[in-house]
Student: 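There's a structure below that I have some questions on.
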Amino acid sequence: MTGKSESKVEVAKRHGRHLRGTIAETLTSEATHFGHDDTALLKFHGTYQQDDRDARRALEAARVEKAYSFMVRVAIPAGAITGEQYLDLERIADEHANGTLRVTTRQGFQFHGVLKGDLKAAIAGINRGLLTTISACGDVQRNVMGCSAPLGDADHAAVRQVAEALALELRPATRAYHEIWLDGEKQVSTDAEEPFYQDRYLPRKFKTAVGLSTDNCVDIWSQDVGLLAIVRDGRIEGFNLLVGGGLGMTHNKADTTARLAEPLGFVPTEHGVEAVRLVAAIFRDHGNRSDRRHARLKYLLAEWGIARFREEFRRRASFALGPAVELPPLPFHDHLGPHRQSDGRWFYGVFVQSGRIVDTDGHALKTALHQIVTRLRPGVRLTAQQNLLLTGLDADGIATVERTLGAHGVTLPAQLSAVRRFSMACPALPTCGLAVAESERAIPALLDRFEAELDALGLRDAPLTLRMTGCPNGCARPYTADLAFVGRSLDLYNVYLGGGLAGDRLVDLYRADVPTEELLDTVRPLLARWAAERDGGEGLGDFYQRLMGIRARRTTVTGRELPTVDLIPLEVSR
Ligand code: SRM
Ligand code: SF4
């Protein structure tokens, strides 16, 4: 605690009677939208009040109310659902939202454009399919990530079990969700209702992932807390517990930082869930509750240092925390295309650009997936790269998947360029209330241009993560990418360089305030040098680091970085 006064959101939580507020009353009233406190509480229920940013100016000029609608987020531990659940969600998107489904960067699904009158039906429908939206947003543990590849081996199965156990362990206990959305019996809120979260929940969002030393597909270093399973001979020997990662920052604010998690110690397998609960409890009791900009766990780590945090953890733990296991850089797999499961069946990873499942001209991904899932009833898994895996298929099933995708104009993974395959973009405009620039709508054209350039340089298959966001909050994890464009204001981006697929190094600010049209030009000389001088399979971020003579792994970036000076002129050396 800081001794300063509570932030407004803290007050709303404390007065909210364990997430009830006046949500139920507003829901049945004529009001078109919710007030401030309810809007804060609604997030814990998995929904954000938004308005159409494209229409804002015209409505304001006409002195008409904003065009309100809701984003609804489904929390799916380790991104695993059944084919039936997928079809349910698709139907809800058609009946109650804007007809699209969006795979998120944390392996959840989002609906956009849900009107207030549809909100209850949408959330109730999601629950009827045995999924939930509670704690998909809000100051609680968010969707627990875990490698979703159904390889069928012991370590992948264990990751999913731990992710599910963690989700249950830290799910809010309040009955408010059932009362409001599922017509549960009304109860009076008491102090005993939330034994762990109490009346104010956590100071801020809390993000957890279960990773594997054999695959960093969940970007484990950017999480508040990571359980990194140490895998030897296909068995998990325990977890390295990582704490204090987080990517959001604010432009020009040096006291806001993106930060990678650091190892706290080694935790025996059977204590993994307890370890995360302990970290959450320390955060609950000591996190900043007056300034939301500094309320994430990473700022407590920065303030205390790892040694004090470890001491507090040991004081609370019922088990011995060992020294973290030293690991080489973690490999990364995107799981796209056909892969064998250990039971002899197959799974197929489908590329979903920016996670958006929609039919557009000549690219009918939504229809293709509908046909495949209806016909083959595969399992469905969502990946942290906004893609989707279809599981439990036989060899004929793989052929059906490829044929159906091809017939609907969906490019198969083997034909994708690396820059497209590894790309990610956040939703930004027109739904995100915090966006200052385009992202999801801008990235297709940008990728077309990058693809043409990289093809010409012979770099079509060279590993390159290009990530784009409409503001510095970091929702598509730009600060661990090889190359990132982060919105500064409409049509202007900061260009970052130097991360990579391993996700264990943060970027440098390379150029500030670059117009959309000049993004490619800005990095063109560097791409040319990468083509001419790259060392074996070296990725762009690694090449950039070598060029700049940077050896150390960079673990923090602040909102007030200066652009990198070109230490070496960026002409192609001959
Ligand atoms: Fe995020 C806020 C979308 C992953 C950092 N994020 C938002 C909101 C809810 C905007 C808002 O507060 O009004 C965005 C909704 C936009 C829309 O229209 O849908 C939004 N975030 C997303 C998603 C959908 C992006 C995507 O392309 O998939 C991701 C949902 C994941 C999920 O299923 O839970 C998403 N957000 C992330 C990540 C990446 C991750 O978690 O691995 C980050 C960076 C990691 C981190 O948290 O530090 C991230 N989002 C933020 C922040 C900055 C938080 C901070 O402490 O600095 C905000 C702003 C905030 O919380 O105030 C934010
Ligand atoms: Fe919105 Fe910014 Fe997140 Fe993009 S990065 S979804 S613009 S909050």
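Read the numbers this way: they start at 1 and go in the same order the structure lists the ligands and their atoms.
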Student: Using the six-membered ring wherever Trp is involved, compare the ring planes of F283 and F206 and label them parallel, tilted or perpendicular (cut-offs 30° and 60°).
Tutor: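 Because their plane-to-plane angle is under 30°, the rings of F283 and F206 count as parallel.
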Student: Return yes when G245 approaches ligand 1 closer than 4.0 angstrom through a heavy atom, no otherwise.
Tutor: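 No.
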Student: At the 4.0 Å heavy-atom cut-off, does E440 count as touching ligand 1?
Tutor: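 Contact absent.
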Student: Are any of the heavy atoms in N143 under 4.0 Å away from ligand 1?
Tutor: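 False for this residue.
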Student: Taking the six-membered ring of F196 (Phe, Tyr or Trp), confirm whether the NZ or CZ of R284 is under 6.0 Å from its centre and within 45° of its axis.
Tutor: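 Geometry flag: set, cation within 6.0 Å and 45°.
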Student: What do you reckon, does R293 put a non-hydrogen atom under 4.0 Å from ligand 1?
Tutor: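 No; R293 lies far enough from ligand 1 that no heavy-atom distance drops under 4.0 Å.
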Student: Give the atom numbers and elements of ligand 2 that come within less than 4.0 Å of a heavy atom of C426.
Tutor: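 Those qualifying, in numeric order: 4 (Fe), 5 (S), 6 (S), 7 (S).
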Student: Quick one: does ligand 1 sit under 4.0 Å from the side chain of Q110, the backbone, both or neither, non-hydrogen atoms only?
Tutor: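 Side chain only.
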Student: Under 6.0 Å from the six-membered ring centre of W221 and within 45° of its axis: does the NZ or CZ of R477 meet both?
Tutor: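 No - R477 does not lie over the ring of W221 by the 6.0 Å and 45° rule.
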Student: Report yes or no: does C475 have an N/O/S atom closer than 2.8 Å to atom 1 (Fe) of ligand 2?
Tutor: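 No - counting backbone and side chain alike, C475 has no N, O or S atom under 2.8 Å.
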Student: Nearest heavy atom to atom 55 (C) of ligand 1: which of R296, R356, R467 does it belong to?
Tutor: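 The nearest heavy atom belongs to R296.
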Student: So F450 and F485, would you call those rings parallel, tilted or perpendicular, with 30° and 60° as cut-offs?
Tutor: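 F450 and F485: tilted rings.
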Student: Is ligand 1 less than 4.0 angstrom away from at least one heavy atom of Q386?
Tutor: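 For ligand 1, residue contact (heavy atoms, under 4.0 Å) with Q386 is present.
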Student: Touching ligand 1 at all, K43? Heavy atoms, strictly under 4.0 Å?
Tutor: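 No.
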Student: Classify the contact between A435 and ligand 2 as side chain, backbone, both or neither, using a heavy-atom distance cut-off of under 4.0 Å.
Tutor: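 Within the 4.0 Å criterion, A435 contacts ligand 2 through backbone and side-chain atoms alike.
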Student: Run through the protein N/O/S atoms less than 2.8 Å from atom 1 (Fe) of ligand 1 and write them out by chain and number.
Tutor: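 Under 2.8 Å from atom 1 (Fe) of ligand 1 - ignoring waters, which are not counted - the protein N, O or S atoms are C475 SG.
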Student: Please confirm whether K205 comes under 4.0 Å of ligand 1, counting heavy atoms of the residue only.
Tutor: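 True for this residue.
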Student: Does some non-hydrogen atom of H112 fall short of 4.0 Å from ligand 1?
Tutor: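 Yes, H112 has heavy atoms under 4.0 Å from ligand 1.
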Student: Please confirm whether R142 comes under 4.0 Å of ligand 1, counting heavy atoms of the residue only.
Tutor: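 No, R142 has no heavy atoms under 4.0 Å from ligand 1.
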Student: Quick one: does S439 get within less than 4.0 Å of ligand 2, heavy atoms only?
Tutor: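 No, S439 has no heavy atoms under 4.0 Å from ligand 2.
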